[in-house]
Visitor: 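What follows is a structure written as structure tokens; I'll ask about it next.
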Amino acid sequence: MSTDAAWWDLPSGMPTWLQALFWLAFAAMVLTCAQTVAIAVAAVLGRRAQRRPAQPRPAAVSAESDFLWVFLVPALNEEVTIADSVARLQRIRATHKVMLVIDDGSDDGTAAVLAGIDDPALRVLTRHLPEARRGKAAALNAGYAHVRDRLLSDPAYAGFDPTRTVVAVVDADGRLDEDGPAVLAAHFADPAVGGVQVLVRIYNRTCALTRVQDLEFGVFGHLMQAGRARWGSANMGGNGQFNRLAALESVRAADGPWRDRLTEDQDLGVRLVQRGWRGVQENRVSVHQQGLTSLRRLYRQRTRWAQGAWQALALMPRVGAMPHPRRARLDAVVYLASPVLQLVVAVELLLAAAYDVASGTDPFTSHAAPLLVLLLPAAVAFVPALVIAGVSRAGSTGRLPVSLGSGLLYPLYTWLLLPTLLLALARQLSGATSWAKTAREPLGATQA
């Protein structure tokens, strides 16, 4: 590289294919940056709209008492947390409420714990092998079939049809805000709304790893989901998703609305939006869940999530048919293509570093300088996310230093998770789809 070359120039000796990969990665980062900025603007506009005087809601359906709220709790060996989860659901303020726990072939004390709970609103759907333990999607589909075929046939609930039945998914470690239905009913008053996702929080924020997971969910809810909600294309999560039964029926296949995917929640949310339903994010309602304090368990969980993202690429062809604004369709393309975009950037960084080492080139005068240009859009796009999440957390907890401290850890956290993308791709290419369930941690005094 000549001494008079500009600092952003690529070295002349670099292979052409590596130069092409660099610019491809640069384009991926710019595209991701543009997407984040567009979502951030939409999120801010949506927040301003919420502050305006509320518009009159439809008189026919406007209160939580107009709906039947069914809480599906998939449970496989959840003796540690299931009693706490049910106790908190019992405190949910809803006029018409059913708690349906799906015991998916547990061989611990889960069944005994549930048998000791005396509540007419609690139903236990027990599944046995070989039908049981076929994944969360299969368990949720069994719960869906019970709601559709048996629950709505019960004279006590005969007055509710699929348009006024809301099916919520709460994990066995979930702690949902007690006034959730009162807030969510306003969204379901709109017949076009198919699903509402609430904000996910981590309740055992006792170490750096769980604090940064909490920030991760905050960024996703307050920025990415809030922006998409402005366009009606917010996605559903695995915990704290509320779906209209009629919407679930519209995407039902032979086994049910949930598909056998490693991220069945993402798959369902995308298909609901592609079907024409509006997806909403409601950050005034939270569901708290356990964070993972073990890096090994976190890697296993996030590799599963990443592989689910690879599986979701199959949904790409239907994006063009979405009856949503063009900006929502463009965002959907980038969202579904995110594992490919991330892979391009990751491979470019690794190969660039390997090239510098193998060629004996000084990285600060060769390829690392252009990498600063590559990383700059990512930093610019990420700062607003940190600010929004930090301010939102500080507004609810008053602990701004904690929020900012977690924010400083977040870039390291994202780099720490980079290997999961490659592990997930390897599993996807090899056809591996089996997963061992992550065990819950005992509820301690700081988690209660």
Side-chain angles (χ1 to χ4, degrees), residues 43 47 50 71 73 78 80-81 84-89 91-93 168-184 187 195-229 234-242 263 265-266 269 280-294 297-298 301-302 305 385-407 409-410 413-414 417 438 440-441 443-448:
R47 183 169 296 186
Q50 274 191 338
F71 297 91
V73 184
E78 298 285 3
V80 173
T81 59
D84 178 76
S85 181
V86 172
R88 292 175 186 274
L89 287 177
R91 295 198 288 270
I92 297 293
R93 286 186 272 274
V169 177
V170 180
D171 289 348
D173 63 336
R175 300 174 174 182
L176 185 67
D177 287 351
E178 297 176 9
D179 291 323
V183 178
L184 301 177
H187 293 295
V196 180
Q197 175 63 44
V198 305
L199 183 66
V200 178
R201 297 293 307 273
I202 300 298
Y203 63 70
N204 58 328
R205 299 185 296 274
T206 56
C207 64
L209 192 58
T210 52
R211 290 193 192 103
V212 79
Q213 289 171 62
D214 187 58
L215 178 61
E216 177 186 24
F217 283 115
V219 170
F220 186 68
H222 285 291
L223 182 72
M224 309 304 289
Q225 283 281 90
R228 291 177 178 132
N235 203 15
M236 298 298 104
N239 197 10
Q241 60 172 288
F242 289 73
T263 50
D265 48 352
Q266 177 194 32
V280 178
Q281 173 75 19
E282 179 51 79
N283 289 323
R284 293 173 297 176
V285 179
S286 299
V287 60
H288 292 70
Q289 65 184 38
Q290 270 193 7
L292 297 176
T293 58
S294 162
R297 290 181 177 181
L298 182 67
Q301 180 194 68
R302 298 313 166 88
W305 291 7
L386 288 180
V387 172
I388 290 175
V391 170
S392 299
R393 286 190 59 193
S396 61
T397 67
R399 301 175 64 189
L400 183 57
V402 174
S403 297
L404 295 179
S406 298
L409 292 173
Y410 197 87
Y413 173 74
T414 57
L417 294 179
T438 301
R440 307 290 185 197
E441 297 183 10
L443 298 180
T446 60
Q447 301 170 321

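Residue numbers start at 1 and run along the sequence shown. Below, each value reflects all heavy atoms present in this structure, side chains not excepted, and no hydrogens, waters or symmetry copies.
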Visitor: A side-chain contact here means heavy atoms from C-beta on lying under 4.5 Å apart; do D173 and Y203 qualify?
Guide: yes
Visitor: Keeping the roles fixed (side chain from Q281, backbone from A229), state whether a donor-acceptor pair exists under 3.5 Å.
Guide: no
Visitor: Check whether Q241 reaches the backbone of G237 with its side chain - one donor and one acceptor, N or O, closer than 3.5 Å.
Guide: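 Yes; at least one donor-acceptor contact below 3.5 Å.
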Visitor: What's the separation between atom CZ in R205 and atom CG in D214, rounded to the nearest 0.5 Å?
Guide: 4.5 Å
Visitor: Rounded to the nearest 0.5 Å, what separates atom CE in M224 from atom CG in N235?
Guide: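 Answer rounded to 0.5 Å: 11.5 Å.
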Visitor: Could you go through the side-chain hydrogen bond (donor to acceptor under 3.5 Å, both in side chains) check for N239 and Q289 one step at a time?
Guide: CA-CA 8 Å; N239 197 10; Q289 65 184 38; 2.9 Å; yes
Visitor: Do L209 and L292 have side-chain heavy atoms sitting under 4.5 Å apart?
Guide: no
Visitor: Nearest 0.5 Å please: distance from the CZ atom of R201 over to the CG atom of L215.
Guide: 9.5 Å
Visitor: Does the pair R175/D84 count as a salt bridge with the N-to-O cut at 4.0 Å?
Guide: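 Yes, this pair counts.
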Visitor: Take Q197 and D265, measure what side-chain contact (heavy atoms from CB on, under 4.5 Å) needs, and give me the verdict at the end.
Guide: CA-CA 11 Å; Q197 175 63 44; D265 48 352; over 6 Å; no
Visitor: Are R88 and L176 packed together at the side-chain level, in the sense that at least one heavy-atom pair is separated by less than 4.5 angstrom?
Guide: no
Visitor: CD of Q225 to CE of M236: how many Å apart, nearest 0.5 Å?
Guide: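 The CD atom of Q225 sits 6.5 Å away from the CE atom of M236.
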Visitor: Find out whether L184 and V198 are in side-chain contact, i.e. whether some heavy atom of one side chain is under 4.5 Å from a heavy atom of the other.
Guide: yes
Visitor: Which pair of heavy atoms, one from S85 and one from G174, lies closest together, and at what distance?
Guide: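 Taking S85 first and G174 second, the nearest heavy atoms are OG-O, 3.7 Å.
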Visitor: Identify the residue among H288, H222, E282 that makes a side chain to side chain contact (heavy atoms under 4.5 Å, CB included) with L199.
Guide: H222
Visitor: So do V285 and D177 actually touch side chain to side chain, heavy atoms under 4.5 Å?
Guide: yes
Visitor: Could you tell me whether the side chain of L298 reaches within less than 4.5 Å of the side chain of Q213, counting heavy atoms only?
Guide: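 A side-chain contact exists here, since the closest heavy-atom pair is under 4.5 Å.
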Visitor: What's the shortest heavy-atom distance between V287 and G240, and which atoms?
Guide: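 In terms of heavy atoms, the two residues are closest at CG1-CA, 3.9 Å.
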Visitor: May I ask you to decide if N204's main-chain N or O and T210's side chain share a donor-acceptor pair within less than 3.5 Å?
Guide: yes
